[in-house]
Amino acid sequence: MSYTTKEENMTDAQHIIDKIDNYLDKFSLKTSTATTEELIAFIEEQWKQADEVKYTIYQSYIIIGRMVNEYIKQGSFEQMMFWLEEGDKHKRANDNPEYIRNYYKGECCLSCGNEEKALYYLNLCYAVEPDYIFSRAPFCYKFFNQHLEHPRELVEPEYDDEIEVEGELELPLWTSFFQMKDTIRCEVMLDYMEEEVTEEEVEDLLQKTMKYIEEKQEVILDRLLDQLLLKYKEWQPRYGYEGEDKEAFMPDVGSKEQFGRLITPLVIYIIIESLEDKPHIGYLFDCSWDSEHALGFMTYDNKVKDIGGADIAFCL
């Protein structure tokens, strides 16, 4: 008779969860052809094969949350509830008190269109910590407040006077190169600004900088990709992808054009130190080889000063 040790069980469960995690990473690539239905079917099949040890693995908790959200998007209440119950089985569930877990279930039920169940869980939360609901999502506490015997007088939150200026930028050349559907968000950062400025001054600088980027989009793109091509070959051994994973996440690149399917621009940060000086401009990209840390560039006067993770794009 043979016996399976706890360590072997852990290895089997971990292997399956790693397999799901890898599939999710590949699904997020712009080269992926898998459908959401195929994603869900794959995860559910693999999940069944993993034993109880899966409820002790941190990444499993992330996967459960992903499945809850996928079924909310589809409006599939029963399937969503199944995954909420799976979440209760995970050891991470005990990180939060029961009233918080009940609030989360209520919010999920409301998002999925089941108001009756939403009220059930929100009432459980309210019975223990009546103020908690009103510190969370407005759509949820406004719904719940309508069903109270004595509704609260809701006060809109006060916002500080910090200047926040941002815009949306369309770069036709970049849209074509990166096969994008969305515009790129531009955000002005005043973290390094010491003198007083008005919102109108910041807005004016944003518009001028966006116009500059539009006019120089080809030159900027070329310089970013030139630097990436040099660093990319240096980074490959560090990430250590092999076989199919290497081809999917970090394949060998011989020309800048190949980066069009590996990275996608997300945010352009305009960092002001003085209204008299040119701003630093940071470029944040999603990248296939590091979904957690992403890819960042810092430029000044149209020259690349640094390249690395996401923080490079917004930290001087």
Side-chain angles (χ1 to χ4, degrees), residues 28-32 165-189 191-192 204-239 241 246-316:
S28 68
L29 298 175
K30 63 172 68 177
T31 54
S32 172
V165 175
E166 58 182 50
E168 298 289 332
L169 185 58
E170 292 187 17
L171 302 176
L173 180 68
W174 290 39
T175 300
S176 174
F177 183 84
F178 294 111
Q179 302 174 33
M180 296 165 51
K181 297 179 181 179
D182 301 321
T183 56
I184 306 172
R185 183 164 63 88
C186 288
E187 179 181 327
V188 178
M189 294 184 63
D191 300 51
Y192 300 90
D204 182 59
L205 185 136
L206 171 67
Q207 296 303 322
K208 288 179 180 177
T209 306
M210 287 174 60
K211 183 178 180 181
Y212 166 81
I213 295 171
E214 288 174 352
E215 294 173 350
K216 300 290 185 180
Q217 60 181 291
E218 183 173 5
V219 174
I220 293 170
L221 181 59
D222 280 341
R223 292 186 177 177
L224 296 181
L225 296 180
D226 281 340
Q227 291 299 311
L228 178 57
L229 190 60
L230 293 173
K231 278 290 185 180
Y232 185 82
K233 294 177 181 179
E234 177 186 318
W235 290 341
Q236 278 183 302
R238 184 191 309 171
Y239 283 92
Y241 287 110
K246 179 179 179 180
E247 185 57 34
F249 297 111
M250 207 172 192
D252 292 334
V253 169
S255 68
K256 295 183 291 186
E257 285 67 32
Q258 290 174 267
F259 287 123
R261 70 185 186 93
L262 300 178
I263 66 175
T264 304
L266 299 175
V267 185
I268 297 176
Y269 295 100
I270 300 167
I271 306 173
I272 309 173
E273 292 181 274
S274 169
L275 290 177
E276 281 68 48
D277 297 326
K278 294 179 180 179
H280 284 76
I281 303 177
Y283 298 86
L284 175 63
F285 288 77
D286 178 30
C287 66
S288 60
W289 60 89
D290 195 334
S291 58
E292 180 180 356
H293 299 100
L295 171 68
F297 298 84
M298 181 58 68
T299 70
Y300 183 73
D301 197 18
N302 217 16
K303 297 180 178 63
V304 178
K305 291 183 61 180
D306 202 0
I307 176 175
D311 59 321
I312 296 295
F314 47 80
C315 295
L316 295 182

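Position 1 is the first residue of the sequence, and the numbers go up from there. Note that the structure is a prediction, hence the values are computed from the model and not measured. FYI, side chains are in, hydrogens and waters are out, and symmetry mates aren't considered; it's all heavy atoms of this structure.
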Worksheet item: CG/L169 to CD1/I268 distance, rounded to the nearest 0.5 angstrom?
Response: 5.0 Å
Discussion item. With a 4.5 Å cut-off on side-chain heavy atoms, are S274 and Y192 touching?
Written reply: no
Item to complete: Of all the heavy-atom pairs spanning E166 and E187, show the shortest one and how long it is.
Response: CB-CA, 4.0 Å
Discussion item. For Q258, I'd like to know if atom CD has over 12 heavy atoms of other residues, nucleotides or ligands within 6.0 Å.
Written reply: yes
Worksheet item: Which atom pair, heavy atoms only, marks the closest approach of A313 to G296?
Response: CB-CA, 4.1 Å
Item to complete: Evaluate the side-chain proximity of L171 to E214: yes if any heavy-atom separation is below 4.5 Å, no if none is.
Response: yes
Worksheet entry | Minimum heavy-atom distance L266-F285, with the two atoms named | CD1-C, 4.0 Å
Practice prompt. Over 60° means perpendicular and under 30° means parallel, so classify the ring planes of F314 and Y269, tilted if in between.
Written response: perpendicular
Worksheet item: Looking only at heavy atoms, which two atoms of L262 and P251 are closest? And how far apart?
Response: CD2-CD, 3.9 Å
Discussion item. I'd like to check T209 versus C186 (side-chain heavy atoms, cut-off strictly below 4.5 Å). Are they in contact?
Written reply: no
Worksheet item: Who pairs with D301 by salt bridge (Lys or Arg N to Asp or Glu O under 4.0 Å), at least two apart in sequence or on another chain?
Response: K278
Practice prompt. Specify the closest pair of heavy atoms between L29 and A248, including all atoms of both residues, with the distance to one decimal.
Written response: CD1-O, 3.3 Å
Worksheet item: Would you say K216 has more than 12 foreign heavy atoms packed within less than 6.0 Å of its NZ?
Response: no
Worksheet item: Are the side chains of L225 and Y232 in touch, meaning some heavy atoms are under 4.5 Å apart?
Response: no
Item to complete: Answer yes or no: is there a donor N or O on one side and an acceptor on the other, between the side chain of K30 and the main chain of G260, under 3.5 Å?
Response: yes
Discussion item. Run the ring pair (Phe, Tyr, Trp, His ring centres under 6.0 Å) test against Y241 and tell me which residues pass, sequence neighbours left out.
Written reply: F249
Response to the item:
In short, I263 meets F178 closest at the heavy-atom pair O-CD2, 3.2 Å
Practice prompt. Please tell me if the side chains of L295 and F259 come closer than 4.5 Å, counting only heavy atoms from C-beta onward.
Written response: no
Discussion item. Using side-chain heavy atoms (C-beta onward) and a distance below 4.5 Å, is R223 in contact with N302?
Written reply: yes
Practice prompt. Give a yes or no on this: more than 12 heavy atoms of other residues, nucleotides or ligands lie within 6.0 Å of atom CD of E218.
Written response: no
Worksheet item: Is any side-chain N of the basic residue among E234 and K231 closer than 4.0 Å to the acidic one's carboxylate O?
Response: yes
Discussion item. What's the separation between atom CD in Q236 and atom CG in D252, rounded to the nearest 0.5 Å?
Written reply: 5.0 Å
